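We use all heavy atoms of the structure for the numbers below, so side chains are in, but hydrogens, waters and symmetry mates are not. Please read these numbers as outputs of a predicted model, since none were measured by experiment.
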Amino acid sequence: MQSTHHRNPRTAQVAAMALLAPALVWFAAATVPGLQAAYSYWFDELYSVVISRDDLGSALRLTFEDVHPPLYQVILWAWMSLFGSGESATRALSVVAMLAGLGVLLSLRRHLGLTTTLVLSAFVLLSPQTVYYAQETRSYALLLFLGCLCLRALVTRDRRLLYVSALLLGLTHYFGAILGTLALTYLVLTRPTPRTFLAALAVFCLIAAWPAAQLAAGSTADLLGGNFWIRTGSRHAVELGIAAAWPGLDLLMGKVSGALGLAGETAETVAALGVVAVVTMLGLAVVLFARRDAKLLMLAGGTVGALVFVVGALSLHTPLATSRNFIELVPFGALALAIPLARALRGPVWASVPAMAFCALYATVSISHSATQMAVRKNPSHPYQALLAHAEAAAEAGDVPLFLYDVKAPVFRDIMAFYLSEPDQAEAMKYAEGEADLPPDFILLFLNESCERLGEDLERLSKSYQSTEIDGTFSQGCYYTSGALRLSRS
């Protein structure tokens with residue numbers, strides 16, 4: 001007779017499926033309408049599309065001048081060759097990458113058990129980053145997929161898959177290169193044979209070849225130190241990494257910090273410490289009551305800790321951390337939670353009921369936060385599609401559209417011209433440097449302009465022009481802003 005103190009394994013699997021089902025529904029509800037709406041690209045997406053829409057050689061050359069490895073841009077070039085450069089077409093590539101990552105996780109059933117696999121998959125889908133970057137024409141969805149592939153290689157001890165996933169991670173993003181290097185290091189330490197060492201060294205050299213060439217050419221060397229656009233310090237880098245690995249838990253800890261009356265950096269630090277405390281306690285419970293899962297738990301949590309530590313250390317010299325750069329940690333953080341929670345769901349009622357309550361709360365706060373993010377994404381603060389429509393209307397009405405933007409490189413001119421139906425109108429782009437060069441009446445469009453520079457230009461122009469806001473945002477203390485103004489001689 002089955003013990004009344006333990007739940008039926010099938011009941012645990014049903015509970016895990018009850019967590020995965022709303023995650024799948026939410027992913028579909030958020031991504032399908034987004035693909036149909038074809039809302040405006042934002043600046044980084046336009047950059048990716050513009051540099052990959054011509055020939056492959058041009059895409060590689062322009063990527064070499066950027067701060068990212070080339071794999072995503074090559075895949076995007078091939079994808080656009082088949083499906084075009086429209087918003088729905090290119091974002092579909094990210095949706096496919098996310099679904100492929102989910103497929104990789106579900107394939108771990110034989111190694112993790114059904115309950116753990118379902119909980120793991122649900123937590124990855126519930127990450128706000130998963131839905132958000134499934135709607136973006138950038139490399140982050142691919143990075144998450146490769147993170148899932150790397151996790152599978154580590155769990156199954158598949159050396160060949162580990163070599164491949166580490167290489168692809170390194171060719172996709174430099175945070176991916178860090179994860180790939182950590183995975184190779186783990187392999188060498190756990191299988192210290194000359195063959196393993198040489199193979200891992202060869203893969204590492206392939207990973208390092210692109211950044212080494214970029215540094216040698218000087219295209220990224222000037223960004224080292226304090227010259228990079230990211231301004232976050234080491235402490236903030238650690239907090240971002242923890243929040244990315246355990247997003248739902250971080251949101252819950254954030255609510256606790258708010259209830260304690262904390263705000264700002266103090267609240268973020270307390271929330272991060274709370275996440276670490278909860279994960280550590282769950283890990284200790286696994287070590288005490290289910291030691292056979294302890295090694296896998298330490299692998300998942302240790303990977304998160306190691307990557308966050310490396311990024312934090314690098315940030316002492318060059319700030320690198322943004323939340324999206326840690327997206328490859330999502331499956332590792334999810335596994336570190338899934339192992340103890342799946343064990344609790346299979347355990348006695350006193351453990352399974354709190355575990356189900358936690359999963360329900362985790363799903364609720366994650367979907368709520370993700371819904372807020374998606375509402376902002378579909379109504380972007382930099383609506384290039386709408387702003388450039390003003391340029392079309394201005395040109396048709398006989399007005400002169402002038403574009404204001406910080407960087408004058410040709411690729412940026414192409415970015416700003418993307419939504420113009422008449423390519424010749426790109427010639428209307430000019431930087432408003434002197435009043436003598438400006439017509440008496442014109443439409444000023446500022447796209448991805450630094451707020452400080454924009455304020456200075458508008459103050460100068462206000463001496464001779466009256467301005468009327470057409471569409472725009474004028475935020476104080478912001479980094480970049482976009483909008484449209486009609487300027488007329490006073």
Begin from the C-alpha positions of R235 and E265 and carry the test salt bridge (charged side-chain N to carboxylate O under 4.0 Å, His left out) through to its verdict. CA-CA 10 Å; R235 186 184 74 171; E265 292 185 357; 2.6 Å; yes
Could you walk me through whether L108 and T156 pass side-chain contact (heavy atoms from CB on, under 4.5 Å), step by step? CA-CA 8 Å; L108 287 170; T156 62; 4.0 Å; yes
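S81 places a side-chain N or O within donor-acceptor distance of the main-chain N or O of W77, the cut-off being under 3.5 Å. Under a 3.5 Å cut-off, the side chain of S127 and the backbone N or O of F123 do not form any donor-acceptor pair. A donor-acceptor pair is defined here as one N or O able to donate and one able to accept, closer than 3.5 Å; such a pair exists between the side chain of E45 and the backbone of T137. Side chain of N325 to backbone of L320: a donor-acceptor contact under 3.5 angstrom is found.
Ring geometry for F326 versus F175: interplanar angle over 60°, hence perpendicular rather than tilted (30 to 60°). Using bins of under 30°, 30° to 60° and over 60° for the plane-to-plane angle, the ring pair F64/W210 lands in the perpendicular bin.
In this structure, L151 CG and L162 CG are separated by 11.0 Å, a value rounded to the nearest 0.5 Å. Of the inter-residue distances, the one linking R324 atom CZ with Y140 atom OH reads 4.0 Å to the nearest 0.5 angstrom. How far OG1 of T172 is from NE2 of H68: 11.0 Å, rounded to the nearest 0.5 Å. Once rounded to the nearest 0.5 Å, the distance linking CD of E65 with CD1 of I51 reads 9.5 Å. Within the model, atoms CG of L249 and CG of L282 stand 8.0 Å from one another, a figure rounded to the nearest 0.5 Å. Rounding to the nearest 0.5 angstrom, the gap separating the CG atom in L206 from the CG atom in L201 is 10.0 Å.
Annotation for A134 and S94: closest pair O-CB, 3.6 Å, computed over non-hydrogen atoms.
For F358, the CZ atom sits in a packed shell: over 12 heavy atoms of surrounding residues, nucleotides or ligands are nearer than 6.0 Å.
Note that R91 lies in the cation-pi zone of Y39, set by a 6.0 Å cut-off to the ring centre and a 45° limit from the axis.
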